[in-house]
Structure formats: structure tokens, C-alpha cells
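Mind having a look at this structure? Questions to follow.
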Amino acid sequence: MPGPEGELHAHDYRVEVVVERRELDARGMVCDLDVLTESLVEIVAQVDGQDLERIRPEGTAAVTVEVFAGWVHARLADRLREAGGDVLAVRVWESADAFGGYRGPV
């Protein structure tokens with residue numbers, strides 16, 4: 001992409017995650033929040049302070065917030081399925097008023 005957006009620059013992202021389930025489990029939960037928190041900590045450790053170009057899928061022009069959200073979704077899906085989730089929505093905010101997201105089954 002042409003500059004300035006196409007030039008290497010930093011962002012502080014906020015990731016919002018919503019886990020859905022058809023029915024609550026026997027404990028009255030959608031999923032175990034400890035599992036979700038642990039998974040998110042691991043994901044943040046992989047990208048904090050890193051060039052996000054390393055997660056860019058082949059064939060995409062850039063790591064957009066939508067691409068980033070899809071990447072987070074893919075890394076959370078298996079763990080959240082085991083923890084009880086059916087659907088996962090991920091939003092990645094790059095500022096207070098700019099975000100993109102991805103929602104799909106886990």
C-alpha cells in the first residue's frame with residue numbers, strides 16, 4: 001500500500017473477543033475464562049513488539065485489522081472449542097474509532 005499506511009509503523013492494538021455457545025454448560029458458563037485468558041496471553045506474546053508482516057497470509061496485500069482478527073481467531077479456535085465455545089468473534093481495534101473483525105465457528 002502507498003504511504004503513509006504502507007510504510008512500516010507501530011500500532012497499539014486492542015483485541016476484543018466474544019465467545020458464543022448455544023446453551024450454557026452445567027456450570028452456567030459459555031467457556032472457561034481462565035482458558036481464554038491464558039490463550040490470549042500466549043497470542044499477545046507472539047506479536048507484542050513484532051512486525052506483523054510475519055503473520056500475513058500468502059496472497060494478501062497487507063496485515064489489515066481483519067487479517068489480524070482472523071489470525072487471532074485461528075489461534076483461539078481449538079482451545080475454545082475444548083472449553084465449550086461454538087462461535088468466536090474477534091475485533092481488532094487500532095484506535096478508539098477504527099476496528100475490523102472476523103467471526104466464525106470454532
Side-chain angles (χ1 to χ4, degrees):
M1 300 176 74
E5 194 61 30
E7 296 173 14
L8 187 60
H9 61 284
H11 279 287
D12 288 327
Y13 294 100
R14 179 171 55 101
V15 177
E16 175 183 318
V17 175
V18 177
V19 183
E20 300 174 22
R21 183 181 179 138
R22 285 180 214 75
E23 295 182 24
L24 299 178
D25 68 11
R27 301 171 295 171
M29 297 172 63
V30 171
C31 80
D32 186 330
L33 292 180
D34 291 334
V35 171
L36 176 59
T37 300
E38 180 182 306
S39 299
L40 286 171
V41 167
E42 292 171 7
I43 288 169
V44 168
Q46 292 178 38
V47 294
D48 189 30
Q50 301 296 313
D51 182 353
L52 294 183
E53 185 66 18
R54 59 189 280 226
I55 70 165
R56 183 173 59 87
E58 191 173 318
T60 59
V63 180
T64 62
V65 289
E66 294 84 1
V67 166
F68 193 7
W71 182 85
V72 171
H73 183 283
R75 268 125 201 94
L76 287 175
D78 288 341
R79 298 266 324 258
L80 292 183
R81 186 179 317 106
E82 293 171 11
D86 293 325
V87 176
L88 172 63
V90 178
R91 279 188 180 173
V92 175
W93 298 77
E94 72 175 31
S95 70
D97 60 355
F99 69 89
Y102 178 81
R103 180 181 183 276
V106 293

Item checked: Closest contact, heavy atoms only, Val63 versus Arg56 ->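 Heavy-atom minimum between the residues: CG2-CB, 3.4 Å.
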Next item on the list: Hey, could you give me each pair passing salt bridge (charged side-chain N to carboxylate O under 4.0 Å, His left out) that has a residue in residues 68-78? Not counting sequence neighbours.
Entry: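 Found Asp78-Arg81.
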Notebook entry, point to check: Sequence neighbours excluded, which residues qualify as side chain to side chain donor-acceptor pair (under 3.5 Å) partners of Asp97?
Noted result: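 In terms of side chain to side chain donor-acceptor pair (under 3.5 Å), with neighbours along the sequence ignored, Asp97 is linked to Ser95.
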Notebook entry, point to check: Are Tyr13 and Leu52 close enough, and set up right, to give a side-chain contact (heavy atoms from CB on, under 4.5 Å), and what steps lead you there?
Noted result: CA-CA 12 Å; Tyr13 294 100; Leu52 294 183; 3.7 Å; yes
Item checked: Common cluster, Val87/Val18, ILVMFWY with side-chain heavy-atom separation under 4.5 Å ->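 Per the 4.5 Å side-chain linkage, Val87 and Val18 are not co-clustered.
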Note to self: Is there a side-chain contact (heavy atoms from CB on, under 4.5 Å) between Leu80 and Leu36? Walk through the geometry before answering.
What the structure shows: CA-CA 7 Å; Leu80 292 183; Leu36 176 59; 4.0 Å; yes
Notebook entry, point to check: Can you name the closest pair of heavy atoms from Val90 and Leu88 and give their distance?
Noted result: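 Shortest heavy-atom contact: CG2-CG, 3.9 Å.
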Checklist line | Separation of Glu23 CD from Asp25 CG (nearest 0.5 Å) | finding: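 The distance works out to 11.0 Å.
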Checklist line | Separation of Asp32 CG from Glu82 CD (nearest 0.5 Å) | finding: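 So the CD of Glu82 and the CG of Asp32 are separated by 11.5 Å.
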Note to self: If the test is side chain to side chain contact (heavy atoms under 4.5 Å, CB included), which one of Val106, Val19, Val17 qualifies with Leu76?
What the structure shows: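 The side chain to side chain contact (heavy atoms under 4.5 Å, CB included) with Leu76 is passed solely by Val17 among Val106, Val19, Val17.
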Checklist line | Minimum-distance pair of heavy atoms, taken over all atoms of Cys31 and Gly85 | finding: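 Smallest interatomic distance, heavy atoms only, reads CB-N, 4.3 Å.
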Check: So, for Gly100 and Ala69, which heavy atoms are closest and what is the spacing to 0.1 Å?
Finding: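 Shortest heavy-atom separation between Gly100 and Ala69 comes out as O-CB, 4.3 Å.
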Check: Is the backbone of Ala83 close enough, under 3.5 Å, to the side chain of Arg79 for a donor and an acceptor to pair up by distance?
Finding: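 No; judged by distance alone, with no hydrogens or angles, the pair does not exist.
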Next item on the list: Name all residues meeting the side chain to side chain donor-acceptor pair (under 3.5 Å) criterion together with Arg103; count only those two or more places apart in sequence or in a different chain, and write none if there are none.
Entry: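 Arg103 satisfies side chain to side chain donor-acceptor pair (under 3.5 Å) with Glu20 once adjacent residues are dropped.
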Next item on the list: Tell me, please, which residues at least two apart from Tyr102 pass ring-ring contact (aromatic ring centres under 6.0 Å, His included).
Entry: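 Tyr102: ring-ring contact (aromatic ring centres under 6.0 Å, His included) contacts with His73.
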Margin query: Quick check: is Phe68 connected to Ile43 through a chain of hydrophobic side chains (ILVMFWY, heavy atoms under 4.5 Å apart)?
Written below: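 Yes, Ile43 connects to Phe68 through the hydrophobic network.
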Checklist line | Over all atoms of both residues, closest heavy-atom pair of Arg21 and Asp86 | finding: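 Answer, listing the atom of Arg21 first, then Asp86: CA-OD2, 3.3 Å.
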Next item on the list: Apply the test side-chain contact (heavy atoms from CB on, under 4.5 Å) to residues Ile55 and Gln50: give CA-CA distance (whole Å), side-chain angles for both, the deciding distance (0.1 Å), then the verdict.
Entry: CA-CA 10 Å; Ile55 70 165; Gln50 301 296 313; over 6 Å; no
Check: Taking only residues two or more places apart in sequence or in another chain, which ones pass ring-ring contact (aromatic ring centres under 6.0 Å, His included) with Trp71?
Finding: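 Trp71 satisfies ring-ring contact (aromatic ring centres under 6.0 Å, His included) with no other residue.
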Notebook entry, point to check: What about Leu40 and Leu33, same hydrophobic cluster or not, with Ile/Leu/Val/Met/Phe/Trp/Tyr joined at side-chain heavy-atom distances under 4.5 Å?
Noted result: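 Cluster IDs for Leu40 and Leu33 match.
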Item checked: Under 4.5 Å side-chain linkage, directly or through intermediates, the cluster mates of Trp93 ->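 Direct or chained contacts put Trp93 with Phe99.
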